[in-house]
Amino acid sequence: MANSETPLVDQLLTGPWPSFVAEFKKLTARKPIVRAFLGQLEQSYHDKLSHWKHGGIVGVMGYGGGVIGRYSDLAEKFPDVAHFHTIRVNQPAGWFYTSAALRTLADIWDKHGSGMTNMHGSTGDIVFLGTRTENLEPCFADLTKAGFDLGGSGSAMRTPSCCCGMARCEWACYDTMALTYDLTQSFQDELHRPAFPYKFKIKCSGCANDCVASVARADLSIIGTWKDAIQQDDAEVKKYVDGGLDIVNDVCMLCPTRCMRWDAKGSKLSIDNQNCVRCMHCINVMPKALRPGKQRGAALLLGSKAPIVEGALLSTVLVPFVEIKPPYTELKELIEKIWEFWDEHGKNRERIGELVLRVGMGNFLEAIEVAPAPQMILHPRENPYVFYEEYFAEE
Amino acid sequence: MANSETPLVDQLLTGPWPSFVAEFKKLTARKPIVRAFLGQLEQSYHDKLSHWKHGGIVGVMGYGGGVIGRYSDLAEKFPDVAHFHTIRVNQPAGWFYTSAALRTLADIWDKHGSGMTNMHGSTGDIVFLGTRTENLEPCFADLTKAGFDLGGSGSAMRTPSCCCGMARCEWACYDTMALTYDLTQSFQDELHRPAFPYKFKIKCSGCANDCVASVARADLSIIGTWKDAIQQDDAEVKKYVDGGLDIVNDVCMLCPTRCMRWDAKGSKLSIDNQNCVRCMHCINVMPKALRPGKQRGAALLLGSKAPIVEGALLSTVLVPFVEIKPPYTELKELIEKIWEFWDEHGKNRERIGELVLRVGMGNFLEAIEVAPAPQMILHPRENPYVFYEEYFAEE
Amino acid sequence: MPEAVQKRITDIGPPHYEKFLPPIIKKNYGKWKYHEVMKPGVLVHVSETGDKLYSVRVASPRILAVDTFRMFADLADKYSEGYLRWTSRNNVEFLLSDATKIDPLIADVTAKGFPVGGTGAAMSNIVHTQGWVHCHSAATDASGIVKAVMDDLFPYFNGEKKLPAKTKVALACCLNMCGAVHCSDIAILGIHRRPPKVDHSTLGKTCEVPTLVASCPTAAIRPQSKDGKQTVHIEEDLCMFCANCYTVCPSVTLNSGINDGVSIWVGGKVSNARSEPRFSKLAVAYIPNNPPRWPEVVEAVKKIVEVYAAGARKFERVGEWIERIGWPRFFELTGFEFTKYHIDDFKLASKTFRTSMHYRMS
Amino acid sequence: MPEAVQKRITDIGPPHYEKFLPPIIKKNYGKWKYHEVMKPGVLVHVSETGDKLYSVRVASPRILAVDTFRMFADLADKYSEGYLRWTSRNNVEFLLSDATKIDPLIADVTAKGFPVGGTGAAMSNIVHTQGWVHCHSAATDASGIVKAVMDDLFPYFNGEKKLPAKTKVALACCLNMCGAVHCSDIAILGIHRRPPKVDHSTLGKTCEVPTLVASCPTAAIRPQSKDGKQTVHIEEDLCMFCANCYTVCPSVTLNSGINDGVSIWVGGKVSNARSEPRFSKLAVAYIPNNPPRWPEVVEAVKKIVEVYAAGARKFERVGEWIERIGWPRFFELTGFEFTKYHIDDFKLASKTFRTSMHYRMS
Ligand code: SRM
Ligand code: SRM
Ligand code: SRM
Ligand code: SRM
Ligand code: SF4
Ligand code: SF4
Ligand code: SF4
Ligand code: SF4
Ligand code: SF4
Ligand code: SF4
Ligand code: SF4
Ligand code: SF4
């Protein structure tokens with residue numbers, strides 16, 4: 001059978017990095033769908049082309065997303081991959097698993113699909129790669145029975161994701177996993193039933209290192225920070241320096257605001273905390289000596305996205321500091337206000353960041369009742385085209 | 001007569017700064033036009049409004065510019081300023097004068113106009129403020145007889161201007177005045193007979209201090225610079241330091257690329273000239289010790305302008321380095337190529353900088369036959385929307 | 001079947017994460033004091049309570065067979081009390097409370113083909129997307145290039161070769177950028193280069209002409225009627241290959257075996273450490289697809305990593321390094337050609353031009 | 001009269017500058033070695049030949065009566081061998097080769113009402129424009145505000161009060177910005193705030209409706225017919241007061257005594273010294289016109305100069321200082337209110353947003 005002859009992709013079996021082709025090969029013996037899949041992939045490698053067609057609308061009852069329909073354009077040659085849908089499954093916050101949970105997922109997907117996965121999708125979901133329409137509902141039933149649910153797709157909220165935060169990191173300024181879990185649960189309807197102008201992603205990082213890249217790829221980026229001074233342990237600072245750290249060049253000179261000074265004689269590091277922008281660098285270099293301040297919380301940044309169509313955006317500061325404490329009422333109310341504005345004014349396929357640019361940040365702030373603050377901007381406007389809103393009528 | 005009662009503007013006669021009102025008052029005795037003018041100005045101060053109307057087209061025979069027509073909207077009240085045109089006169093390069101030349105200009109303008117001037121207009125011209133249409137031609141005749149000519153207005157080249165350069169500055173990297181004079185003479189037709197899509201300004205600064213603000217307000221900014229190393233006199237450096245200069249904080253730390261190091265023990269300043277961006281700061285601080293390099297010339301930057309309508313632009317690097325030597329053939333050919341492209345593709349009232357943005361810098365460079373260089377940009381493109389120009393046709 | 005409907009479970013969301021946390025984490029949650037990279041791929045986090053948690057980071061191709069789930073589950077049971085996690089870059093982390101089990105785990109998992117590394121100032125896994133494995137839109141494959149690049153640059157993952165700082169590589173197979181590659185130290189991006197082909201025969205059935213026309217940001221798509229049917233015509237010069245038309249209408253295709261390929265971007269970052277987050281910038285405008293191992297792409301990435309490793313200062317990310325030495329030097333060092341395509345001509349182009357004298361002559 | 005036509009001289013350009021250069025400059029042209037600021041308003045330039053040229057910089061209101069030309073000519077004859085020049089900021093410079101004449105000149109010219117100063121780290125003359133003196137477009141006067149501001153800040157011109165660096169102030173009376181104020185340490189900008197009024201009765205005669213409609217960058221101008229005449233209607237919400245419509249058509253006016261006023265901008269620069277040239281940024285969005293001395297405008301400018309003088313480091317221009325301390329602090333120190341108007345909403349707005357955590361909390 002032509003399917004098994006995959007000389008091109010087989011060249012990817014060797015080398016030190018684990019091979020995705022090897023993963024497929026683990027299943028070919030028992031999964032015709034994977035054999036067909038490898039055949040089609042070989043064809044793609046030969047043609048330098050994808051052989052998948054535009055997705056159709058498939059899914060489970062009552063949900064508007066969570067499944068990406070996929071069909072082969074080589075269905076005659078590879079009938080076993082005529083359908084090859086993916087199922088997106090909500091990951092547990094922080095991507096923690098037990099061996100038992102993993103085995104449960106493995107069993108469900110072995111039963112209902114190709115047995116291939118993405119661990120994880122770029123948004124953060126567990127992605128089950130490749131099944132037929134008729135397997136979707138049974139697979140969903142088994143998943144929910146095991147305590148799992150579908151992730152998002154289409155014009156809906158997507159599964160929020162977060163860094164491991166307080167679970168495994170000394171720098172988390174708020175509990176990223178607790179918040180992520182809570183938001184995911186609170187907005188189940190928004191997640192499963194697309195009703196927005198477009199997708200909406202939330203990502204939670206515990207500090208400005210931003211280990212889930214939230215500033216680059218979340219409509220709402222929630223990034224931990226603090227308000228007071230860096231906690232400083234002078235004895236530990238000295239130990240780092242005695243241990244060979246070039247504190248002037250590798251710390252003070254790399255501080256973005258140059259707000260640190262090292263007094264070599266007194267072996268004393270001084271930080272002008274009012275000018276510290278909490279970039280994390282000095283803390284990263286000397287974790288034993290420096291720690292985030294005690295008044296902790298997060299900044300809310302809005303609107304990042306990939307380039308399609310008007311150009312990529314990074315998230316932009318909306319709330320410079322907010323405490324993140326359950327039940328997160330203030331935060332949720334703000335999110336809802338944002339959605340309300342978006343629902344009312346957003347065009348089809350217009351992300352929130354694009355909408356804000358279209359209507360103007362000032363107007364948007366007014367609508368969601370957030371006061372303008374200079375922290376939101378790099379600098380005030382350079383162009384004189386101010387939309388003054390009031391004037392006196394003459395005679 | 002109401003004209004002489006100018007209580008509001010008269011409040012500007014006092015104070016340490018020389019008063020423009022006092023200048024007007026010098027003439028009121030012998031110039032009815034100035035009396036009328038002050039009356040109208042008082043009215044403006046009262047109404048908080050300009051009382052001038054849109055300009056009409058007035059000028060001298062055979063020229064398309066050099067005169068700004070101006071009419072009062074209070075002509076009935078102030079008939080003497082019913083016409084109040086300005087005449088723009090080419091300044092001598094560097095704005096140098098002799099007392100004789102000044103007196104000649106004074107006499108001409110006393111005879112043909114209000115006797116009021118702007119020394120100088122923002123573009124650089126001598127501006128004669130306020131005369132009637134019938135005086136234009138006689139005034140022009142006297143001016144040309146005295147060796148002066150009109151400046152530009154409308155969609156024409158404007159009088160180029162320059163810093164005093166080699167005449168009075170140690171840092172001039174090319175002869176700004178010679179070039180300015182030559183360009184003004186070479187492009188007399190472009191200056192006097194508007195035939196471009198819009199205005200075109202040239203400004204020449206001898207070094208990166210840019211004392212004529214060319215980078216901000218010239219369609220072509222010609223800014224002096226050098227290619228080799230800064231000339232350094234170590235003995236003089238030491239004298240500055242001995243004299244109390246904080247060379248580390250006030251020089252090395254303010255160098256934009258931090259390419260300077262001060263070795264306090266050896267009293268030796270080292271400059272990593274490959275990383276010097278010729279910003280002038282260190283030279284400005286220590287003129288006796290540091291001087292621009294020996295391989296001198298200029299950079300050509302293109303396209304700055306005020307905000308109307310698409311937003312202000314600064315000029316952008318077009319040629320990172322070019323020698324500036326008479327007869328300036330290479331430079332003039334480039335200017336002509338730029339104009340040619342602009343004439344062909346520019347829309348009405350579209351400055352060259354706007355045109356380049358509209359058609360794309362890459363395409364513009366191709367048309368004027370300048371090779372793309374990384375010096376032209378802050379950084380390569382961030383968006384993936386590349387207009388690839390070639391592809392292979394399939395079967 | 002009302003019964004079945006009643007039993008149907010929906011909207012439960014994911015399991016609570018606490019169920020999956022090892023006891024040592026539950027005990028020290030929020031109490032971690034500092035960490036150290038013990039050796040490549042191994043982190044130790046020390047708590048205020050004195051407890052120590054060891055994380056062993058294991059490479060993954062991201063595409064995993066369920067068999068591998070089971071294999072990892074077995075390893076977790078053996079070495080980490082059944083606990084493990086995935087990282088935001090798709091690596092697997094075994095969470096150990098017993099330091100003596102680190103080396104045996106490493107030996108075991110490495111032998112199974114899953115090497116350890118990616119911590120500290122290293123190159124970690126490549127964030128990537130579907131490619132020809134699952135997406136219709138892909139201008140290149142994802143997993144194949146990732147494999148080829150990581151095979152070649154493996155010494156930067158396992159710590160054999162040193163880097164000045166973390167080096168984050170990402171790949172997206174089309175301009176939709178599902179890999180969010182736009183802020184990566186090095187980004188590999190699939191690109192289309194041939195204007196869309198229109199299937200006039202199906203267009204009327206598969207999509208609305210006005211929607212299709214409106215989808216094009218450059219107005220390259222014009223309505224036309226052909227053989228009495230409403231369809232569209234493409235102004236090829238105006239096409240910037242964004243594929244938005246393709247997303248909204250299956251009857252226009254951009255995929256082209258001989259034209260599609262890869263572009264390389266550099267200098268983006270996400271963290272706020274030292275300098276602000278920033279987008280990646282174009283380094284190489286086009287490399288044709290050359291499966292199965294895309295040698296030219298591997299070569300280009302390797303070149304960047306090598307000159308960066310040789311030239312950057314400690315802690316300097318790729319973008320910070322380039323900013324320090326200047327783009328002219330970057331192009332000189334890598335030997336990449338600087339072309340008109342490198343100069344932005346999209347909406348914010350004016351903000352990328354050098355409007356000063358602050359450039360290096362070379 | 002062909003004779004007259006023949007005699008008519010045209011296209012001769014300006015006189016050659018060499019005619020106007022003092023002998024000491026001709027001799028040392030291109031040979032200057034260094035300079036010093038001897039005292040406020042007095043520069044000495046020393047040549048490689050050892051020659052010394054003394055320049056005495058004299059304030060000017062820019063608007064000068066020809067009588068003042070003659071007065072300056074007399075002074076030049078008396079003190080500087082008949083040679084003088086104007087600067088790019090409209091000051092007058094007497095060019096002396098005899099050092100003993102410096103003080104007599106200063107005494108003489110000062111007594112005539114023209115003080116000396118503006119060199120070195122000082123505030124020099126204010127670059128400005130026509131205002132109500134000559135322009136139809138002016139939203140404020142130019143010379144009046146300049147006089148009021150310079151009167152008040154005079155000690156920063158004559159050297160009595162010190163500044164960290166050169167402080168360049170400019171004024172433009174409308175958004176056309178003939179003063180090129182957009183890159184000034186402090187810019188004073190006339191602004192309109194009431195949407196254009198249309199004179200429907202004259203519009204048809206004075207301009208073409210399509211041209212007028214096309215002139216508006218925000219599409220606020222819509223064609224309409226009124227009493228059977230072709231005219232336009234203004235969507236007031238869309239107007240950003242750019243006055244482009246007014247420039248192309250006399251039948252729309254923006255000038256409004258009770259609405260026009262002044263905005264204040266800060267932090268621009270032109271020189272490449274240390275940092276790159278940059279645009280000024282909005283500090284105060286609107287101050288009503290209050291002639292003849294605009295006290296609120298003077299107050300705002302003074303406030304900026306004072307907090308700058310108190311807070312900036314040596315050599316730091318206004319924009320460099322603000323960048324170091326951050327905009328939150330700038331608004332705090334000046335007491336200016338930060339409003340929605342400060343946040344850009346024009347084409348490049350996205351590039352002015354803070355897309356990082358790098359802000360000061362205050
Ligand atoms: C599966 C996944 C890639 C992966 O291999 O991991 C993915 C796959 C697709 N994405 Fe995505 N996106 C995925 C994460 C992203 C991300 C990253 C993120 O979420 O952090 C982005 C960039 C961030 C963003 O949202 O801007 C992303 C930006 C897009 C876009 C561009 C959206 C934009 O506004 O610029 C599209 C185009 C669209 O929506 O039409 C898109 C569209 C698609 C579609 C649905 C293709 C299409 O046009 O219909 C892809 C289906 C592929 C397939 O056959 O399975 N995908 N997509 C990721 C979701 C898995 C998960 O749920 O965990
Ligand atoms: C006289 C002068 C102001 C002054 O007081 O010095 C001036 C006066 C006018 N300028 Fe200007 N501009 C003057 C230098 C400038 C400059 C500065 C420069 O050249 O360095 C600029 C900014 C740089 C630039 O060119 O962008 C400037 C940018 C404008 C603009 C906006 C052009 C743009 O593309 O953004 C306009 C509007 C227009 O052209 O329609 C304009 C239009 C005008 C008009 C003609 C008004 C109009 O709309 O018809 C003004 C006539 C005023 C009058 O009644 O005398 N003026 N104008 C300056 C010329 C004197 C001279 O020749 O020396
Ligand atoms: C496990 C993980 C979070 C998670 O919940 O999954 C993580 C964990 C840690 N990160 Fe991270 N980062 C993780 C993704 C990221 C990302 C996102 C990404 O890779 O796409 C970023 C932003 C990348 C960017 O800027 O482009 C990120 C930027 C940082 C930084 C800032 C580095 C810099 O100098 O710019 C630090 C600080 C440091 O390295 O000193 C950091 C530091 C850390 C520390 C040391 C935090 C701690 O004390 O525990 C953790 C070990 C780092 C290591 O590998 O040496 N982490 N870290 C992610 C591991 C990914 C992987 O498998 O390689
Ligand atoms: C006379 C004049 C040129 C001319 O041909 O007319 C001139 C002359 C000198 N400039 Fe200038 N500059 C002159 C306008 C400018 C301008 C343009 C402007 O004012 O609009 C600039 C750019 C302004 C900006 O950046 O916004 C300018 C930026 C400089 C700088 C850079 C200052 C900085 O640190 O940013 C220097 C260097 C310095 O001051 O050390 C400089 C230095 C000098 C020196 C020291 C050059 C020299 O060695 O002779 C001259 C005496 C300066 C002084 O006043 O202390 N000159 N200088 C102009 C005097 C204007 C006036 O009457 O005040
Ligand atoms: S984002 Fe901060 S808190 Fe979260 S894992 Fe990274 S370094 Fe730790
Ligand atoms: S956190 Fe960043 S800004 Fe703050 S002191 Fe440390 S290095 Fe400087
Ligand atoms: S621009 Fe340079 S050369 Fe010209 S006057 Fe200013 S400092 Fe001197
Ligand atoms: S000219 Fe500027 S960049 Fe060059 S060494 Fe001096 S301060 Fe540094
Ligand atoms: S980047 Fe493009 S091709 Fe790749 S998965 Fe996303 S939509 Fe598909
Ligand atoms: S690929 Fe983009 S630019 Fe090209 S025709 Fe389609 S929508 Fe238009
Ligand atoms: S800035 Fe405006 S009002 Fe002032 S002179 Fe120029 S065009 Fe006239
Ligand atoms: S002032 Fe500008 S924005 Fe307002 S109507 Fe006129 S052209 Fe349009």
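What you are looking at is a predicted structure, and each value in this text was computed from that prediction instead of being measured. The chains referred to below are lettered A, B, ... by the order of the sequence lines, with proteins before strands, and numbering in each begins at 1.
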Separation between CD (D/Glu316) and CG (B/Asp250), nearest 0.5 Å, reads 10.5 Å
Under 4.5 Å between any side-chain heavy atoms of B/Asp110 and D/Arg70, yes or no?
yes
Among D/Val127, D/Asn290, D/Asp141, D/Leu95, the residue with the most heavy-atom pairs under 4.5 Å to chain B is D/Asp141
Top contributor to chain D contacts, counting heavy-atom pairs under 4.5 Å, from B/Arg70, B/His51, B/Lys53, B/Met116
B/Arg70
Would you kindly say whether D/Asp77 and B/Ser99 are connected by a side-chain donor-acceptor distance under 3.5 Å?
yes
Is B/Glu23 salt-bridged to D/Lys147, going by a charged N under 4.0 Å from an acidic O?
no
For D/Asn125, is it the side chain, the backbone, both, or neither that has a heavy atom closer than 4.5 Å to a heavy atom of chain B?
both
Evaluate the side-chain proximity of D/Ile12 to B/Phe148: yes if any heavy-atom separation is below 4.5 Å, no if none is.
no
In chain order, what residues pass the disulfide bond (SG atoms under 2.5 Å apart) check against D/Cys249, with sequence neighbours excluded?
D/Cys207
Point-to-point distance, once rounded to the nearest 0.5 Å, from OG of D/Ser271 to CD1 of B/Ile223
10.5 Å
Under a 4.5 Å cut-off applied to non-hydrogen side-chain atoms, are B/Arg168 and D/Leu43 in contact?
yes
Indicate yes or no: at least one non-hydrogen side-chain atom of B/Lys48 is less than 4.5 angstrom from one of D/Asp260.
no
Can you tell me which of B/Asp175, B/Thr117, B/Thr144 forms the most heavy-atom pairs within a distance under 4.5 Å of chain D?
B/Thr117
Within the 4.5 Å heavy-atom criterion, are B/Thr180 and D/Tyr17 side-chain neighbours or not?
no
Using 4.0 Å as the upper bound for N to carboxylate O, is an ion pair formed by D/Arg8 and B/Glu137?
yes
Is there side-chain contact between B/His54 and D/Thr206, with at least one heavy-atom pair below 4.5 Å?
no
Do the charged groups of B/Asp246 and D/Lys314 touch, with an N to O distance under 4.0 Å?
no
State, with a plain yes or no, whether a side-chain heavy atom of D/Arg62 is found less than 4.5 Å away from one of B/Val127.
no
Scan side-chain atoms only and decide if D/Asp11 and B/Gln185 contain a donor-acceptor pair under the 3.5 Å cut-off.
no
Beyond-backbone contact of B/Ser122 with D/Gln130, side-chain heavy atoms, under 4.5 angstrom
no
Side chain, backbone, both or neither of D/Glu276 within contact of chain B (heavy atoms, under 4.5 Å)
side chain
Using a strict threshold of under 4.0 Å (side-chain N to carboxylate O), is an ion pair present between B/Lys25 and D/Asp67?
no
Flag the pair D/Lys31 and B/Glu170 as a salt bridge only when some basic side-chain nitrogen lies within less than 4.0 angstrom of an acidic carboxylate oxygen.
no
Identify each donor-acceptor pair in which a side-chain atom of residues 11-20 of chain B lies under 3.5 Å from a protein atom, sequence neighbours left out, and give them as a table.
| from | atom 1 | to | atom 2 | distance (Å) |
| --- | --- | --- | --- | --- |
| B/Ser19 | OG | B/Leu12 | O | 2.8 |
| B/Ser19 | OG | B/Val21 | N | 3.0 |
| B/Ser19 | OG | B/Ala22 | N | 3.1 |

I'd like to know if the side chain of B/Thr98 and the backbone of D/Tyr83 have a donor-acceptor N/O pair within less than 3.5 Å.
no
For B/Arg278 and D/Asn272, which I'm curious about, is there any donor-acceptor pair between the side chains at under 3.5 Å?
no
Any idea which of D/Pro291, D/Pro292, D/Ser88 has the most non-hydrogen atom pairs under 4.5 angstrom with chain B?
D/Pro292
